[in-house]
Trainee: 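So that we are looking at the same thing, I have put the structure below in C-alpha cells.
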Amino acid sequence: MPIQHYLQFTDLTAGEYAWLFERAAVIKRKFKAYEKYHPLADRTLAMIFEKASTRTRVSFEAGMYQLGGSVVHLTTGDSQLGRAEPIEDSAKVISRMVDLVMIRTFGQDKIERFAAHSRVPVINGLTNEFHPCQILADIFTFQEHRGSIRGKVVAWVGDGNNMANTWLQAAELLGFTVHLSTPSGYEVDQAVAGVRSRDSYKVFKDPMDACRGADLVTTDVWTSMGYEAENEARRKAFADWCVDEDMMKVARPDALFMHCLPAHRGEEVAAEVIDGTQSVVWDEAENRMHVQKALMEYLLLGKVSG
C-alpha cells in the first residue's frame with residue numbers, strides 16, 4: 001500500500017470517508033463496551049506540536065494507546081521544524097523511527113514539506129490553513145445525530161479561518177452546502193480553500209441570513225492561535241457574529257450547534273446556545289478521538305474488518 005498522507009480534507013475520496021465513518025462507529029462501540037482492540041500493536045505515533053492543544057494531544061495520544069500502539073510527544077522545546085535542521089532532514093530522520101506522524105503547526109507549507117520527505121503517513125493536526133481532523137469529527141457527529149450530511153446546510157458564522165476552509169472542501173466533496181458569514185476583511189480565501197466552484201457554498205453579509213434554514217450552525221473563536229496581536233480589532237469587527245438564540249431560532253427546528261472548542265461564552269457563542277439542548281459540542285469533542293483512531297488504522301493498515 002503506497003504512503004497515504006492526510007494533510008487536508010481533499011486528500012481522501014468520498015468513498016474513503018464513507019469507510020472511515022463506518023469504522024469510527026465500530027471503533028467507538030468497542031471503546032464504549034470496554035472491548036480490547038489492538039490493531040496497531042508495536043506501532044509508534046510521533047506527535048509534533050508547534051501549537052499547543054488539549055484536545056488534539058489527548059485524542060491522538062489516548063487513541064493510539066487504545067489501539068495498542070505507543071506515542072512519542074515532541075513540543076517546540078524538543079523539535080522546532082526548520083530551526084535546528086531543515087524540515088526535510090527532520091522528516092527523513094523521524095520517519096525512520098516511527099510508523100506515523102501527527103503535526104500541529106502554523107503554515108501548511110511546513111507539513112507539506114515534511115510529508116514530501118517522510119517514509120510514513122503524516123496527519124495534519126491543525127495548520128493555519130486547514131483542520132481536517134476536526135471536520136472529520138464534526139461530520140461524524142452530525143451523522144450520529146441526524147444521518148447523512150449530503151444535501152444539508154451548514155452555517156458557518158465567524159472567521160474565514162482554517163475551519164471555514166476545511167468546511168468548504170468537505171461540502172464540495174460530500175455534497176452539502178455551506179452558508180458563510182464573516183465580517184468584512186475576514187472572508188474565506190477561495191484560492192486557499194482550493195474549492196473549484198461556488199456551487200457548494202453561499203456568502204451572506206448578515207449572519208442571521210446564513211443561519212436561516214440551516215441544519216447545523218457552527219463557529220470558532222474570533223482570534224485563533226498566532227493572531228493574538230489582532231485580538232482587540234477582531235473583538236470589534238466580530239461583535240455581531242456571536243451565535244445566539246435568535247440565530248438558532250431561524251435555523252431548522254432540529255438544527256445542531258457545534259464548536260471545535262475552546263469556547264468563549266459571550267463572544268463567539270452565547271452561553272444559552274453552547275449549553276443548550278441543540279448543542280452537541282461534547283459529543284463532537286469526544287468524537288475527535290474515535291475518527292482519528294479510524295484514520296490512523298486506515299492510513300497504516302488500509303481497509304480492515306472486525
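FYI, side chains are in, hydrogens and waters are out, and symmetry mates aren't considered; it's all heavy atoms of this structure. None of these values were measured; they are calculated from a predicted model. Position 1 is the first residue of the sequence, and the numbers go up from there.
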Trainee: Looking just at side-chain N and O atoms, do Glu230 and Tyr186 make a donor-acceptor pair shorter than 3.5 Å?
Mentor: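 Side-chain D/A pair, Glu230 to Tyr186: absent.
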
Trainee: Does any non-hydrogen side-chain atom of Lys28 lie less than 4.5 Å from one of Glu144?
Mentor: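 Yes, at least one pair of side-chain atoms sits under 4.5 Å.
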
Trainee: With the side chain counted from C-beta on, respond yes when Phe204 and Leu180 share a heavy-atom pair under 4.5 Å apart, and no when they do not.
Mentor: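 Counting from C-beta outward, Phe204 and Leu180 never come under 4.5 Å.
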
Trainee: Side chains of Tyr17 and Ile139: closer than 4.5 Å at any heavy-atom pair?
Mentor: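 A side-chain contact is absent here, since even the closest heavy-atom pair is not under 4.5 Å.
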
Trainee: Is there a donor-acceptor contact under 3.5 Å linking the side chains of Asn165 and Gln169?
Mentor: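 Side-chain D/A pair, Asn165 to Gln169: absent.
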
Trainee: Please give me the minimum heavy-atom distance between Gly160 and Val188, naming the atom from each residue.
Mentor: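 The answer is CA-CG2, 3.6 Å.
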
Trainee: I'd like to check Ile48 versus Phe114 (side-chain heavy atoms, cut-off strictly below 4.5 Å). Are they in contact?
Mentor: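 In short, these two side chains touch, coming nearer than 4.5 Å.
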
Trainee: Give, for atom CD of Glu272 and atom CZ of Arg265, the distance between the pair rounded to the nearest 0.5 Å.
Mentor: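 Nearest 0.5 Å value for the CD-CZ distance: 10.0 Å.
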
Trainee: Are Leu216 and Ile274 co-members of a hydrophobic cluster defined by side-chain heavy atoms under 4.5 Å apart?
Mentor: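 Unlinked, Ile274 and Leu216 end up in two clusters.
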
Trainee: Just by modelled atom types, is the Ala155 backbone N or O under 3.5 Å from a matching donor or acceptor in the His179 side chain?
Mentor: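 Looks like no, no N/O pair under 3.5 Å.
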
Trainee: May I ask you to decide whether Lys92 forms a salt bridge with Glu85, counting only side-chain N to carboxylate O separations under 4.0 Å?
Mentor: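 Result for this pair is no, no salt bridge flagged.
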
Trainee: In terms of side-chain heavy atoms, does Gln134 have a donor or acceptor partner in Asn162 at a distance below 3.5 Å?
Mentor: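 The answer is no; no qualifying pair exists.
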
Trainee: Do Thr219 and Glu268 have side-chain N/O donor and acceptor atoms under 3.5 Å apart?
Mentor: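 Distance-only check fails for Thr219 and Glu268.
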
Trainee: Just verifying a value: how many Å separate Met258 CE and His145 NE2, rounded to the nearest 0.5 Å?
Mentor: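 Reported value, rounded in 0.5 Å steps: 7.0 Å.
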
Trainee: Testing the basics here: between Val291 and Arg288, what is the closest heavy-atom pair and its distance to 0.1 Å?
Mentor: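 Val291 and Arg288 have their closest heavy atoms at CG2-O, 3.5 Å.
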
Trainee: Starting at CG of Asp109, measure out to CD1 of Ile87 and round the result to the nearest 0.5 Å.
Mentor: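 So the gap between those two atoms works out to 6.5 Å.
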
Trainee: Just wondering, do Thr166 and Gln8 contact through their side chains at under 4.5 Å, heavy atoms?
Mentor: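 Not in contact.
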
Trainee: Return yes when atom NZ of Lys202 has more than 12 non-hydrogen atoms of other residues, nucleotides or ligands closer than 6.0 Å, and no otherwise.
Mentor: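 Count not over threshold, so no.
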
Trainee: Let me know which of Lys293, Glu16, Gln4, Lys303 forms a side-chain hydrogen bond (donor to acceptor under 3.5 Å, both in side chains) with Tyr298.
Mentor: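 Only match with Tyr298 under side-chain hydrogen bond (donor to acceptor under 3.5 Å, both in side chains): Glu16.
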
Trainee: For residues His131 and Asn161, determine if any side-chain heavy atom of one lies less than 4.5 Å from a side-chain heavy atom of the other.
Mentor: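 Counting from C-beta outward, His131 and Asn161 never come under 4.5 Å.
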
Trainee: Flag the pair Val157 / Cys211 as yes when at least one side-chain heavy-atom distance between them is below 4.5 Å, and no otherwise.
Mentor: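 With C-beta onward as the side chain, the pair touches.
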
Trainee: What's the shortest heavy-atom distance between Ser181 and Trp241, and which atoms?
Mentor: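 Nearest heavy atoms, Ser181 then Trp241: OG-NE1, 2.9 Å.
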
Trainee: Angle class for the Phe21/Phe140 ring planes (parallel below 30°, perpendicular above 60°, tilted otherwise)?
Mentor: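 Aromatic pair Phe21/Phe140 classed parallel.
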
Trainee: Measure across Asn124 and Pro132 and return the closest heavy-atom pair with its distance rounded to 0.1 Å.
Mentor: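 Reported closest heavy-atom pair: ND2-CD, 3.7 Å.
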
Trainee: Give the other cluster members for Met289, using side-chain heavy-atom distances under 4.5 Å between Ile, Leu, Val, Met, Phe, Trp and Tyr residues; answer none if it is isolated.
Mentor: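 Members alongside Met289: Phe31.
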
Trainee: Would you say Ser59's side chain and Arg55's backbone share a donor-acceptor pair under 3.5 angstrom?
Mentor: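 Checking the backbone N and O of Arg55 against the side chain of Ser59, a donor-acceptor pair under 3.5 Å is found.
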
Trainee: What pairs meet the salt bridge (Lys or Arg N to Asp or Glu O under 4.0 Å) rule with one or both residues in residues 169-187, with sequence neighbours excluded?
Mentor: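 Residue pairs with at least one partner in residues 169-187: Glu172-Arg196.
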
Trainee: Which heavy atom of Gly158 sits nearest to which heavy atom of Pro183, and what is that distance?
Mentor: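 Reported closest heavy-atom pair: O-CD, 3.5 Å.
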
Trainee: So does Asp206 have more than 12 non-hydrogen atoms from other groups sitting under 6.0 Å from CG?
Mentor: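 Counting neighbours around CG of Asp206, more than 12 heavy atoms of other residues, nucleotides or ligands fall under 6.0 Å, so yes.
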
Trainee: Any side-chain donor-acceptor pair under 3.5 Å between Asn128 and Lys51?
Mentor: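 Result is yes, a qualifying pair exists.
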
Trainee: Between atom CD of Glu61 and atom OG of Ser70, what is the distance when rounded to the nearest 0.5 Å?
Mentor: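 Going from the CD atom of Glu61 to the OG atom of Ser70 covers 10.5 Å.
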
Trainee: Can you find a heavy atom in the side chain of Thr105 that is under 4.5 Å from one in the side chain of Thr127?
Mentor: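 Side chain of Thr105 against side chain of Thr127, heavy atoms only: contact under 4.5 Å found.
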
Trainee: If I compare all heavy atoms of Met247 with all of Met208, which pair ends up nearest, and what's the gap?
Mentor: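 Closest heavy-atom pair between Met247 and Met208: CA-SD, 3.8 Å.
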
Trainee: Determine, using the 4.5 Å side-chain heavy-atom cutoff (strictly less than), whether Tyr6 and Trp19 are members of one ILVMFWY cluster.
Mentor: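 Same cluster: Tyr6 reaches Trp19 through Ile, Leu, Val, Met, Phe, Trp or Tyr contacts under 4.5 Å.
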
Trainee: Linking I/L/V/M/F/W/Y whenever their side-chain heavy atoms sit closer than 4.5 Å, directly or via other members, would Val243 and Val221 fall into one cluster?
Mentor: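 No, Val243 and Val221 fall in different hydrophobic clusters.
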
Trainee: What's the spacing between Thr141 OG1 and His290 NE2 if we round to 0.5 Å?
Mentor: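 Rounded to the nearest 0.5 Å, the OG1-NE2 separation comes out at 9.5 Å.
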
Trainee: Test salt bridge (Lys or Arg N to Asp or Glu O under 4.0 Å) on Arg234 and Glu267; report intermediate values, then the result.
Mentor: CA-CA 11 Å; Arg234 284 173 173 265; Glu267 289 190 13; over 6 Å; no

Trainee: Mind checking side-chain contact (heavy atoms from CB on, under 4.5 Å) for Ala14 and listing every partner two or more places apart, or none if nothing turns up?
Mentor: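 Testing Ala14 for side-chain contact (heavy atoms from CB on, under 4.5 Å), a comparison that skips the adjacent residues, returns Leu174.
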
Trainee: Looking at CZ of Arg198 and CG of Leu168, how far apart are the two atoms once the value is rounded to the nearest 0.5 Å?
Mentor: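 Spacing of CZ (Arg198) from CG (Leu168) equals 9.5 Å.
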
Trainee: Without hydrogens or angle criteria, can the side chains of Tyr201 and Gln190 be said to hold a donor-acceptor pair below 3.5 Å?
Mentor: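 Looking only at side-chain atoms, Gln190 and Tyr201 do form a donor-acceptor pair, the distance falling under 3.5 Å.
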
